[in-house]
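Lettering follows sequence order; numbering is per chain, from 1.
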Amino acid sequence: MPDLIAKSALGFAPFTLAGTTLAEVDMGQITAIAPFPGQSEALSRALGMAFPAPGAVTQSGDARLVWAGRDIAFLIGPVPPDGLPAAVTDQSDGWVSLALTGACTVDVLARLVPLDLRAAQSGQVFRTALNHLPLIVLVGIERSFTLLTYRSMAKTAWHEITEAMVKVGARAATG
Amino acid sequence: MRLTCPLCGPRDRREFYYYGAADYLRRPAEGASPDDWNDYLHNRDNPAGLTQDLWYHEQGCCAWLKVTRNTVTHEIVAVEAVAVADAGGAA
Amino acid sequence: MAKARLSILAYLPRTRFNAPVMERSAMRYSGFKVIAQGLFGNTGWKPAWRDPAPKAEYDAVIIGGGGHGLATAYYLAKNHGLTNIAVLEKGYLGSGNIGRNTTIVRANYFLPGNSEFYSHSLKLWEGLESDLNYNVMHSQRGLINLFHSDGQRDAFARRGNAMINQGDDAALLDRDGVRELLPYLDFDNTRFPIYGGLLHPRGGTARHDAVAWGYARAADQRGVDLIQNCEVTGIDIEGGRVTGVQTSRGRIRAKKVGLVVAGRSGQVAAMAGLRLPIESHVLQAFVTEGLKPVIDHVISFGMGHFYISQSDKGGLVFGGDLDFYASYASRGNLPMVEHVMEAGMTLMPMIGRARVLRSWGGIMDMTPDGSPIIDRTPVDGLFIDAGWNYGGFKAVPASGFCMAHLMATGQSHAVAARFKLNRFATGHLLDEEGTGSQHNLH
Amino acid sequence: MRIDGKGRIDRTRPVTFRFDGCTYAGYKGDTLASALIANDVRVVGRSFKYHRPRGILTAGSEEPNALVEIIGPSNQTPNTRATVQELFEGLEVRSQNRWPSLGFDLLEVNDLVAPFLSAGFYYKTFMWPRRFWEGLYEPLIRRAAGLGSLSGRHDEGVYEKAWAHCDMLVIGAGPAGLMTALTAARAGADVILADESSELGGRLLSDEAEIDGAPAVEWVAGVVAELTSMPNVRLMTRTSVTGAYDDGTFGALERVGLHRRPRPNLPRECFWRIVAKRSVLAAGALERSVAFEDNDRPGVMMASSLPTYLNRYGVVPGKRIALFTNNDSARATARSLMAAGVEVAAIIDSRTDAPDEPGMVVHKGAQVVRARGRMGLREITIAKGGTQTRLEVDCLGVSGGWNPTLHLTCHMNGRPRWSDELAAFVPNEGAIPGMMVAGAANGTFSTHGCLAAGAEAARASLEALGLGSGAVDLPQTTDAPYNIAPLWQVPGKGRAWLDFANDVTVKDVALSAQEGFRSVEHMKRYTTQGMAPDQGKNSNVAALAVLADATGRGIVQTGTTTFRPPYTPVSIAAMGAGGRGDGFAPQRFLTSDQASRDRGAPMIETGLWYRPSYFPKPGETTWREACDREVSMVRSSVGVTDVSTLGKIDIQGPDAGRFLDFVYSNTVSTLPLGRVRYGLMLREDGHVLDDGTCARLGEDHWLMTTTTAAAGLVMRHLDFVQQAFCARWRVRFASVTETWAQFAVAGPLARDLITSELGRAPGLPFMGCTTVTVQGVQGRLFRISFSGEEGYEIAVPTRYGEALFRDLTARAETMGGGLYGMEALNVLRIEKGFITHAEIHGRTTAFDIGMERMVSAKKDCIGKAAAARPGMTGPEREQLVGLTPLTDSPVTAGAYLFAQGVALTRENSAGYITSVGYSPTIQSHLALGFLKDGRARHGETLRLIDRLRGVDVLCAVVDPVFHDPKGEKLRA
């Protein structure tokens, strides 16, 4: 057991407004896996799950392989085996994960993200921007979203999302 | 303006970083003449019409893209990856 | 906010009046003339310039009837006595960037090569009205470059010292000094706290269209033919020497041809077989509805690539950075629009309720070091004045002055001696921004 | 005057408001304009140049006259159109551009001296004496000009921006727009219908048209109800589509809270970015005026505004109204007014073949030549066949025909086409890719025509979207023809207004042509025609017709100016929403952020990060005291600082070494495992891009560090080099900047501190690296130094960063050491002659900083060829040197260097200073700078001069490494 105390990026209590909640979540182990040229299939065999197509997530048990950009995917869950034909980088501490759930998630994100998320399907993933912040959007069920951005920018992300929630809430209250 | 990233689909221009003319892809070989280097780094056709230039999907998949584009109308004719992506086992 | 400007007597000793030399009988403008004409229904005003048909041959032809081209023609006539010359303009006089900029006039460069040139330009500005007998409304309101860190202060201190070394003026303001001049800035903004500013008291603005018209009228009065709606379609070269141009109004022979076509330099140079170190980009600018005086200075906010002044009509005139992609469209897109507005709101949220009335775009010929080219070309008799990036307006007088000198004498003027076409090949760069050879980063 | 039984206002909900200090009553549903009309307020504003009294001209956003200031609880909003501002309880308004009052305005003197203020007069005068321009003339002009005023206080309002996406954006909800939206929505398209009004229906709410045999408003209500019920339709009222941009992107401004009392957190406005696969412009048409003498008097209005005021708001602006027209459209207006019991004194129709109108006096082939009534229309003069008659009226409705609202089609440089039949410009097809234009915006003015065009636009758009045919039965309605005989100006001696807002008259345009400003752009710029808040919506076409006449050309040859975004003005705050304060750029925080703040460290921004400047101790009153102490502490014991902001890039693969050799100027691939090397990176143009270290963590595994400022830049650069030039190489990289918290430990006791932290001696040679276990956590240890002391950097996963920082701090303090901040870090590196971006400022070559030998001759690398250009090396260039003042005087960065005895001119300056600091170690001020041929000039004495700050100090030129030049401490 480490003697150093681990801290999450924010440590804030969840924020709820207009039936919508923003909460910091722990994604556990995140490993970036970037197959070397021509090695995607070999990598898929070694991992036991297909290297995802752009915008997709593949799954094997509790392990998810989330597309995260050109020739790179994030393995979420297990620690990957050694000797993969890929560059393997632990990214667990590089990101803050925020869960946005509830009634107005799409309206809130429409104020922040330049994508049409109304018809986003569970299991889709987008690399994009949250205003000026880099963003990975993981689409969950019932219009819930997991938002990943750089850990050091967690406070800005939290601030901007809650600001949008406040304005959406004020509109809803005004009718 | 929207660019259709081969990996991410149509995206707003603000996700992209513009570099310059696709001339930058034709880097002179080691030992090329100073004139070749001057041409490579500085001189441009700079057409009023169709051109090819380089964009980087910085707030996206990080692919460098070669975009065929009209500089007068801003019409995007084609977008292709500078390097063929390796995703999904494609060569 | 017009402060102590009304103490007129303080200015009187510095006043002098240079009557311009008129070579043909032309109408002089003055307050008395305005009153006299007003009394008689304003029916006596003559055209500001003639509308001549092109002659078959000129001693020199300037391609491009924008600010730089008109100024070149004017100084060729005035300084070098060349009057058998023509300016060929594809559209109307002043239809290029001279009519679509943010009207800022300054001489706050720091690299040798730029310093002396813009310093010279500012001196020409300061005598322009009496020189041209045209009120271009040059207003030295003072320009303030804000800085937001110790490192930026040092960089601006270097710039200010370079300006003083050049013989120009500069003052370093601390935070309180900025607050005194610009109390409406957001000094509580913790994102980019204002550390101070570099004040360039002689910086300011001018009425952009009037500059083109003033030069046009003065050049016309000295005998220059200003030929509008005359598009150059080819450049005639024989044995490596220019002999004339092909135009939509026929062939025109010329011993010397000056290429002064900002925003089109690449296409026109290509007619002479030249490939230029230029990539053209769009720069947007904005003006609000008219407002009572609220901003007295020109303010530049480097962190947000934002600059603003207020026109005499009351509109806030402001802009930002390039749209960053090569374009000839004279119009931009929303990401830069929004970026500029966000920068305005972070710096001076008091302008929030001003409404943007109009946006427009100009075509900037961007060079790999952000500095211009005034030089001979490999074709004998063909000269080029190009690559003004987005700093062309303030350069108009000196650009015309130096281009005229070059065309008349064949030699670069001392203050434009470093604006060589081959400096990129040799590595003698004039990169004020320090951003390198990527055209759009200057 | 209010008319009983008319209008769509809610008469059960009275509203009081104040205008120029007087309290008035209106109803919910009123605009400010309709409420002022109801209260018989005639003069609402003053004109721009001549300060003439002005009333309300229109009933829409194109209003040029009735601009007012809204006084809010926290701030004021200038130039608000009274015709757009909806009434709410407590609305407080004042008129603008007048002093001292609206009724008595001193600057009305301008109107008396108007002959001397002709177009462009200011270009011809105010030149002498020269200094009078800035001293006298310009301040006077500026104070007279302008319209409303800003308060000068920060705008504390709430604004937002948002994105919307759709298959079809329908702009305008009149008959054409409603029909388009209905047809498309029924076919299943994802539709956004945007309209700038508070209510959908467009002119169907104003006119008394019939559809399917019933009042058109009933059809509107049915369609709106159906659209409201459909999940694939979004109705955006109070939303002006302001700009058409590339690839189906539109800007739109929604007035969210401006029509009601302010509520906490409710945005005033929202700026929408709408991305549409297809769009239909159904924005209708704008009626235009006819220029005649004093046609700007309060009470002279657009004819079409009268039925709008009557049928939407139940008001009429006069008791006795005349209409002046050159087309058929004003007839319905006359009938509506008559039916409501308003006296229509006459219809003055300029057409000799104009139709009769039962029950009304129609003067055919007649013109209104003059209006009288300075503070409100009293009388008009009618000319017919050489005779003039006077007619007492208090309101004149003018219709000079209709201009399609085609502005958006010009936003991508599209030029409209002139239609002789309509005497108007009509849009060119395809001006905006994916956009169709339907209805009056396309020159189709009848209700039937609009409905048919809307259905057809929907059909064609659906087909393009692959959504079927969208067949809908067209409702039955009339298809009246539109007959017009163009009339732009009525001849006469007086001033006849074209551009009301900018006070441009027919004479001004004629004078412009007389003076050679014959191009339409010249005329616009010379007279300011069309440059006012309405951007020429009311006047451009007439003005260019007048210009065409004055120059003897046709309108087609004269051409048009270009409409640019926005269609209606948009507040800076709305388009800049989110930018205020901290919102302009992301903030990045270190894991040690709170711990540093706990110790009172002022945090300063570097890049996007916040880093501690220094750590004040009790009793210290200046930053210098803290900085000196921290520097001495590092030199004598041990200091700790957070360096996590440095870019960290993890590079892996069999070809990684080869790749590094290509992007670094020096050779890195030969580095042994477990070692670190300094690397220099060039831009392809040969200048220094960045410097940093590169560690070899494994056979095929490297860790590159970059400076804080260049981290993103370097990542992008590496991506480019890899994807463009060596995509087949087996190398991949990922940023791990965020993954690791990394702390520098420096000083003679650094090894002791690391030993204490790890529980064992580090056992690393200088420039070595290894993995370590830190208090049970897997970490990394590097022996590198940016201070010149023995130094280590220790890294742990970010989640442990704060704990390790606090632990290191506590251990350091027990050893007599502690934290140091950016100020001390800067002094330490200057003492050692290490460079930062103050020195590698983008114009620096490897030669300049004495590192030309780091550009390996044995291999190609990025930037090598360009660095070999003749201008990039040699004694003419300024080279890095150190400088020490001969006296104990502070020196400043940004100062210049001069030889003694020379004039202080640009030509004589020999170099400049980039970095300065006071070195408590050497007990001297120190400077780094660049000096021409500097390496050959060590030992010279130069003047360091900063005239901005009054510094003039003699300095010795020395080697830039002031401290421990042999590096013995580093390697200890």
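Comparing S437(C), G332(C), S359(C), G361(C) by how many heavy-atom pairs each has under 4.5 Å with chain D, the most go to S359(C). Across S149(C), G160(C), G314(C), P193(C), the residue that shares the most heavy-atom pairs under 4.5 angstrom with chain D is G160(C). The residue among K46(C), R207(C), K33(C) with the most heavy atom pairs within less than 4.5 Å of chain D is R207(C). Taking F32(C), F192(C), F318(C) one by one and counting their heavy-atom pairs under 4.5 Å with chain D, the maximum is reached by F192(C). Per-residue heavy-atom pair counts under 4.5 Å with chain D were compared for E129(C), E338(C), H428(C), and the maximum is reached by E338(C). Ranked by non-hydrogen atom pairs under 4.5 Å with chain D, the options T288(C), T43(C), L198(C), D150(C) are led by T43(C). Among P870(D), A867(D), G516(D), S149(D), the residue with the largest count of heavy-atom pairs under 4.5 Å with chain C is P870(D).
Checked by atom type and distance alone, the side chain of R564(D) never pairs as donor or acceptor with a backbone atom of L357(C) at under 3.5 Å. In this structure a side-chain-to-backbone donor-acceptor pair under 3.5 Å is missing from S571(D) to R355(C). Proximity of a side-chain donor or acceptor of R130(D) to a complementary backbone N or O of S130(C) within less than 3.5 Å is not detected. K292(C) places no side-chain N or O within donor-acceptor distance of the main-chain N or O of L150(D), the cut-off being under 3.5 Å. A donor-acceptor contact shorter than 3.5 Å is absent between the side chain of D946(D) and the backbone of A157(C). In this structure, the side chain of N42(C) engages the main chain of P115(D) through a donor-acceptor pair within 3.5 Å. Using a distance-only test at 3.5 Å, with no hydrogens or angles considered, no donor-acceptor pair links the side chain of N189(C) to the main chain of R580(D). Between the side chain of N161(C) and the backbone N or O of G894(D), at least one donor-acceptor pair lies under 3.5 Å. Distance alone, capped at 3.5 Å, is enough to place a donor-acceptor pair between the N135(C) side chain and the Y122(D) backbone.
Residue I913(D): no heavy atom, backbone or side chain, is found under 4.5 Å from chain C. Contact annotation for T77(D): both backbone and side-chain heavy atoms come within less than 4.5 Å of a heavy atom of chain C. For E69(D), no part lies under 4.5 angstrom from a heavy atom of chain C. Looking at H411(D), only its backbone comes within 4.5 Å of chain C, counting heavy atoms on both sides. Contacts of T845(D) with chain C are absent, with no heavy-atom separation under 4.5 Å from either backbone or side chain. Heavy atoms closer than 4.5 Å to chain C are found nowhere in R518(D), neither backbone nor side chain. Proximity to chain C involves both the backbone and the side chain of F116(D), based on heavy atoms less than 4.5 angstrom apart. Only the side chain of L429(C) comes within contact range of chain D, with at least one heavy atom under 4.5 Å from a heavy atom of that chain. Neither the backbone nor the side chain of A513(D) comes within less than 4.5 Å of any heavy atom of chain C. The contact between L511(D) and chain C is made entirely by side chain atoms (from C-beta outward), counting heavy-atom distances below 4.5 Å. Contacts of K161(D) with chain C are made by side-chain atoms alone, with heavy-atom separations under 4.5 Å and no backbone atom involved. Using a 4.5 Å cut-off between heavy atoms, N826(D) does not touch chain C at all. E116(C) touches chain D through backbone and side chain together, each having a heavy atom under 4.5 Å away. With a 4.5 Å cut-off on non-hydrogen atoms, A144(D) touches chain C through its backbone but not through its side chain.
Put simply, NE2 on H154(D) and CD1 on I351(C) are 12.0 Å apart, with the number rounded to the nearest 0.5 Å. Here CD of E515(D) is found 9.0 Å from CZ of R217(C). Values are rounded to the nearest 0.5 Å. Rounded to the nearest 0.5 Å, atoms CE (M350(C)) and OG (S151(D)) are 8.5 Å apart. With rounding to the nearest 0.5 Å, the separation of NE2 in H148(C) from CD in E605(D) is 10.5 Å. Atom CG in L334(C) sits 7.5 Å away from atom OG1 in T242(D) (nearest 0.5 Å). Atom CG of L948(D) and atom CE of M163(C) lie 8.5 Å apart (nearest 0.5 Å).
Among residues two or more places apart in sequence or in another chain, the side chain to side chain contact (heavy atoms under 4.5 Å, CB included) test is passed with K313(C) by S311(C), F48(D), N502(D), T528(D), M531(D). Residues forming a side chain to side chain contact (heavy atoms under 4.5 Å, CB included) with S915(D) (at least two apart in sequence, or on another chain): R829(D), I830(D), A838(D), E839(D), L928(D).
Side-chain polar atoms of Y896(D) and R158(C) form a donor-acceptor pair below 3.5 angstrom. For the 3.5 Å distance criterion, the side chains of S139(C) and E134(D) fail to qualify, holding no donor opposite an acceptor. At a cut-off of 3.5 Å, with distance as the only test, no side-chain donor of K124(D) or N133(C) sits close to an acceptor on the other residue. In this model, no donor atom of one side chain and acceptor atom of the other lie less than 3.5 Å apart for Q76(D) and R353(C). In this model, no donor atom of one side chain and acceptor atom of the other lie less than 3.5 Å apart for S330(C) and N413(D).
Side-chain atoms of T190(C) and D582(D), non-hydrogen and from C-beta on, do get closer than 4.5 Å to each other. Side-chain contact check for T905(D) versus Q166(C): every heavy-atom pair is 4.5 Å or farther apart. You'll find the side chain of H522(D) reaches within 4.5 Å of the side chain of W213(C), heavy atoms only. Counting heavy atoms from C-beta on, the side chains of V34(C) and Y123(D) never come closer than 4.5 Å. Considering only heavy atoms from C-beta on, M575(D) stays 4.5 Å or farther from E342(C) through its side chain. T125(D) is not listed as a side-chain neighbour of Y29(C), based on a closest heavy-atom distance of 4.5 Å or more. Under the 4.5 Å side-chain criterion, counting only non-hydrogen atoms from C-beta, T426(C) is not in contact with M872(D). For the pair M345(C)/I572(D), a side-chain contact is recorded, criterion being any heavy-atom separation below 4.5 Å from C-beta on.
Centroid-to-centroid, the aromatic rings of F517(D) and W49(C) come within less than 6.0 Å.
T435(C) and R683(D) get closest at one heavy-atom pair: C-NH1, 3.6 Å. Contact detail for P569(D) and E289(C): the closest heavy-atom pair is CG-OE2, 3.0 Å.
Of the charged side-chain nitrogens involved, at least one lies within less than 4.0 Å of a carboxylate oxygen, so that R331(C) and D246(D) count as a salt-bridged pair. The residues R525(D) and D209(C) are annotated as salt-bridged, a charged nitrogen and a carboxylate oxygen being separated by less than 4.0 angstrom.
With a 6.0 Å radius and a threshold of 12 heavy atoms from other residues, nucleotides or ligands, E907(D) has its CD atom above the threshold.
A cation-pi arrangement is absent between R191(C) and F584(D) under the rule of less than 6.0 angstrom and at most 45 degrees off the ring axis.
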